[in-house]
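Not measured: the values here are computed from a predicted model.
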Amino acid sequence: MKKTIFVAVFALLAAACSNDCNDDEVEKPVEGSDVTAPVTVHVNDFSIVMESLAAEGGTTRAADDPASYQGVGAIDLVFFDAAGSITYSKTQYKADGGTYTTFGEFTCNLPVGHYTMVAIGRGYYDGDGFILTSPTEAAYTSERPRETLCKVQSITVTNTSPLDFDVTLDRITAMLTIQSTDGRPAGISKIRTTYSKGGKSFNPTTGLATSNTGFWQTNSPSAAVGSTIKVNSCPLLASADDEEERIDITIEVLDAGDNVLFTKVVKDVPFKRNNITIVSGKLFTPGSSSFGIKLNTDWGPGYEVTF
């Protein structure tokens with residue numbers, strides 16, 4: 001079953017909040033109307049359900065609130081008006097507690113009109129770049145995509161009467177976990193993973209990658225010399241939710257000067273959105289190219305494949 005984030009959107013009574021917005025918010029009236037309604041958007045607790053490949057089936061753990069879930073470090077909320085212009089835009093960063101009272105809670109005033117709401121929860125680390133330009137265009141502009149959950153929904157503000165509706169953010173990324181079965185030698189600095197397909201830009205409305213030409217990213221494993229390593233990446237796929245996509249993966253082991261010490265190529269690795277694919281094998285052994293592949297179901301129903 002999918003891990004989901006439940007987002008509840010409530011419109012409070014008129015005059016319940018100020019017209020003022022923070023410096024990084026953009027608000028403007030809809031043409032021909034100066035009537036506004038106060039709207040509050042907040043992210044509720046995370047409901048997390050994990051189903052394993054074990055015969056006994058799935059297990060469920062208690063819901064996590066947004067502040068405790070490590071997969072989401074930033075939440076974007078944008079309202080586009082009927083002309084496609086941004087009426088309200090706000091990003092909260094979990095690490096920057098001074099810009100919000102409660103992580104995942106947004107309050108603003110919206111003029112009467114029709115809107116498309118885009119809500120995105122995503123992993124975030126220093127140096128990450130991300131842009132959201134329309135309900136159909138978003139992209140990670142730095143090296144790697146992150147775990148991403150999103151939802152696009154139409155709403156209408158007719159007057160100052162309260163609005164009350166729920167929105168569920170669905171995970172649109174897959175995850176690749178690379179595990180070595182041999183120990184890390186001295187002098188290893190980075191692992192570079194190159195995808196032959198997938199991308200870093202996506203359509204929030206469909207959840208599909210808008211570029212399918214591939215990308216690469218580097219990880220700096222923290223495992224000690226002699227220990228096995230594990231690194232993760234989160235590709236955006238051009239395939240639909242229930243479709244499998246086969247991607248060639250090139251794994252390169254680099255030293256501190258970015259010189260390639262070992263290279264492994266794994267063909268036709270299966271991916272599905274909201275599922276984890278695990279690739280394991282001897283990463284640091286010359287001449288070894290045998291890797292086992294399986295789909296882990298921590299995020300959703302899956303299956304096991306051995307090559």
Side-chain angles (χ1 to χ4, degrees), residues 5 7 21-26 41 43 66-67 69-80 84-100 103-104 106 116-152 169-176 178 189-222 231-238 247 249-250 252 254 258 271 273:
I5 296 179
V7 180
C21 288
N22 294 330
D23 290 340
D24 56 353
E25 299 170 0
V26 179
V41 179
V43 177
Y69 179 57
Q70 298 304 308
V72 171
I75 299 176
D76 308 286
L77 182 69
V78 181
F79 286 95
F80 295 91
S85 299
I86 294 175
T87 300
Y88 173 86
S89 176
K90 175 73 173 178
T91 299
Q92 290 182 355
Y93 299 96
K94 182 183 295 182
D96 189 8
T99 62
Y100 56 84
F103 182 64
F106 301 79
T116 300
M117 186 193 74
V118 181
I120 294 176
R122 54 188 170 90
Y124 177 79
Y125 291 85
D126 288 345
D128 282 358
F130 180 79
I131 57 173
L132 172 60
T133 56
S134 80
T136 60
E137 292 289 340
Y140 289 89
T141 57
S142 44
E143 181 181 290
R144 70 190 69 199
R146 301 289 186 183
E147 180 179 350
T148 307
L149 306 97
C150 71
K151 183 68 174 182
V152 176
L169 271 65
D170 296 318
R171 182 181 287 105
I172 62 172
T173 43
M175 179 179 284
L176 172 67
I178 299 172
S189 178
K190 302 173 185 176
I191 305 297
R192 182 164 61 204
T193 305
T194 302
Y195 289 81
S196 66
K197 293 192 292 185
K200 301 190 294 183
S201 59
F202 65 98
N203 180 333
T205 300
T206 64
L208 302 181
T210 54
S211 172
N212 199 30
T213 56
F215 66 97
W216 60 268
Q217 71 171 63
T218 57
N219 293 77
S220 299
S222 58
V231 296
N232 298 321
S233 52
C234 292
L236 291 151
L237 305 178
I247 300 176
I249 302 297
T250 301
E252 296 172 299
L254 311 178
D258 289 341
F271 288 89
R273 293 200 296 172

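Here the closest non-hydrogen pair linking R273 and G207 is NH1-O, 2.8 Å. When all heavy atoms of F202 and L236 are compared, the pair lying nearest together is CD2-CD1, 3.8 Å. Minimum interatomic distance between L149 and V72 (heavy atoms only, all atoms of both residues): CD1-CG2, 3.8 Å. P145 and P235 get closest at one heavy-atom pair: CG-CA, 4.4 Å. When all heavy atoms of C150 and P204 are compared, the closest pair comes out as SG-O, 3.5 Å. Nearest heavy-atom pair, E147 versus T173, reported as atom, atom and distance to 0.1 Å: CA-OG1, 3.6 Å.
With rounding to the nearest 0.5 angstrom, the CG atom of N212 is 8.5 Å from the OG atom of S196. With rounding to the nearest 0.5 Å, the separation of CZ in F215 from NZ in K200 is 8.0 Å. For the atom pair CD1 (I75) and CD (Q92), the distance works out to 6.5 Å, reported to the nearest 0.5 Å. Taken from CD1 in I247 to OG1 in T194, the straight-line distance is 12.0 Å, to the nearest 0.5 Å. How far CG of N232 is from CG of L176: 8.0 Å, rounded to the nearest 0.5 Å. To the nearest 0.5 Å, atom CG of residue L132 and atom CZ of residue F80 are 4.5 Å apart.
Within the 3.5 Å criterion, the main-chain N or O of I172 finds no donor-acceptor partner in the side chain of T148. Here the side chain of R122 pairs no donor or acceptor atom with the backbone of Y140 at under 3.5 angstrom. Using a distance-only test at 3.5 Å, with no hydrogens or angles considered, no donor-acceptor pair links the side chain of T210 to the main chain of N203. The closest donor-acceptor contact from the side chain of S201 to the backbone of A139 lies at 3.5 Å or more, if one exists at all. Side-chain atoms of K190 never come within 3.5 Å of backbone atoms of D258 as a donor-acceptor pair (strictly under, hydrogens ignored).
P135 has its side chain within reach of V118: a pair of non-hydrogen atoms, C-beta onward, lies under 4.5 Å apart. Inter-residue side-chain proximity for I249 and F271 is flagged as met; some heavy-atom pair is nearer than 4.5 Å. Using a 4.5 Å heavy-atom cutoff, the side chains of F130 and T141 are not in contact.
In this view, Y93 and Y124 satisfy the ring pair (Phe, Tyr, Trp, His ring centres under 6.0 Å) rule, not counting sequence neighbours.
Applying the salt bridge (charged side-chain N to carboxylate O under 4.0 Å, His left out) rule to pairs touching residues 135-146 yields D128-R146, sequence neighbours excluded.
A side-chain N or O of T91 and one of D76 form a donor-acceptor pair less than 3.5 Å apart.
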